[in-house]
Amino acid sequence: MSRESIVEKIISDAKTEAAAIISEAEKGAETTIARANLSAERKITGVKFETAQKVKSILDGKSASARLDCAKIKLKEKRRVIDALYEQAFQALLSLDKKQTVALSQRLLEQYADDCDEIVFSSNFKYVEDVIKLDVVKEKKLKHSVGGAVPDGGFILKGKVCDKDISYRALLSIDREQNVSLLAEKLFNQG
């Protein structure tokens, strides 16, 4: 073999080997690119899923918070309505006429007064003289006075054993404790 044919053979073998190496490298690169694309796709899918979960979690939290805030506002407004009703009831008790006030006082004294209690009328009680003329006052030997720390409207009973607040505010407070659920149901029933 001649020198030129040997060189050509070497060059030809080198080209073949280079082509095989290049082909193998391209296949490897394609495989690496495919793996990288698959990995990137998985990461993107994972990030999208995590993002969707976080968005859902945030929205659920904000929705729950908004529902709670709405419930608080609604409850506050319901309380305001009930407060207004009890304030109207208080004003109605203050504006009772003489006959109604004396009759209410008689029932309260019959029910709550013990013998020898002292009736302490509020300073704005209009019918003290009429109430102290009641038979129950004489029968139970009740004393009386005006003023002191008695809330507006009605009176308290000071006794030997205990005092009883049966002022209008106290009576309404007791009524509210006992009936607020029923009143709220009647006022706000949406059924």
Should K140 and C116 count as side-chain neighbours, where that means a heavy-atom distance under 4.5 Å? no
In this structure, would I166 and I174 fall into the same cluster of hydrophobic residues linked by side-chain contacts under 4.5 Å? no
Less than 4.5 Å apart, side chain to side chain, heavy atoms only: is that true for Y168 and L94? yes
Give a yes or no answer on whether the side chain of T32 reaches the backbone of G28 with a donor-acceptor pair at less than 3.5 Å. yes
Please determine whether residues F90 and L187 belong to a single hydrophobic cluster, defined as Ile, Leu, Val, Met, Phe, Trp and Tyr linked transitively by side-chain heavy-atom distances below 4.5 Å. yes
Does S105 reach the main-chain N or O of T101 with its side chain, forming a donor-acceptor pair under 3.5 Å? yes
Given 3.5 Å as the limit, does a donor-acceptor pair link the side chain of T51 with the main chain of V47, or not? yes
Side-chain donor/acceptor of K98 to backbone N/O of Y127, under 3.5 Å: no
Heavy-atom count check: over 12 atoms from other residues, nucleotides or ligands less than 6.0 Å from E41 CD? no
Decide yes or no for V161 and D114: does some side-chain heavy atom of the first lie under 4.5 Å from some side-chain heavy atom of the second? no
According to a 4.5 Å side-chain heavy-atom criterion applied to Ile, Leu, Val, Met, Phe, Trp and Tyr, with indirect links allowed, do L75 and V180 form part of one hydrophobic cluster? no
Rounded to the nearest 0.5 Å, what separation is found between the CG atom of L108 and the CD atom of Q106? 10.5 Å
If you measure from CD on E185 to CG on L183, what distance do you get to the nearest 0.5 Å? 10.5 Å
Which residue in the set I33, L38, T31, N37 passes side-chain contact (heavy atoms from CB on, under 4.5 Å) when paired with R35? T31
Can D175 and Y86 be counted as having a side-chain donor-acceptor contact under 3.5 angstrom? yes
Can you sort out the partners of I132 under side-chain contact (heavy atoms from CB on, under 4.5 Å), two or more places apart, ordered by chain and number? F121, V128, E129, H144
Is there a side-chain contact between I82 and R176 in this structure, where contact means two heavy atoms from C-beta onward sitting under 4.5 Å apart? yes
Sequence neighbours excluded, which residues qualify as salt bridge (Lys or Arg N to Asp or Glu O under 4.0 Å) partners of E77? R80
Sorted by chain and residue number, the salt bridge (Lys or Arg N to Asp or Glu O under 4.0 Å) partners of D60 (sequence neighbours excluded) come out as K56
Would you mind reporting whether K164 and D117 have side-chain heavy atoms less than 4.5 Å apart? yes
With a 4.5 Å cut-off on side-chain heavy atoms, are L96 and L93 touching? yes
For K158, does the NZ atom have more than 12 heavy-atom neighbours from other residues, nucleotides or ligands under 6.0 Å away? no
Side chains of S173 and E177: closer than 4.5 Å at any heavy-atom pair? yes
Does the side chain of F155 reach to within under 4.5 Å of the side chain of L109, using non-hydrogen atoms? yes
Verify, without hydrogens or angle tests, whether D163 (side chain) and I156 (backbone) share a donor-acceptor contact under 3.5 angstrom. no
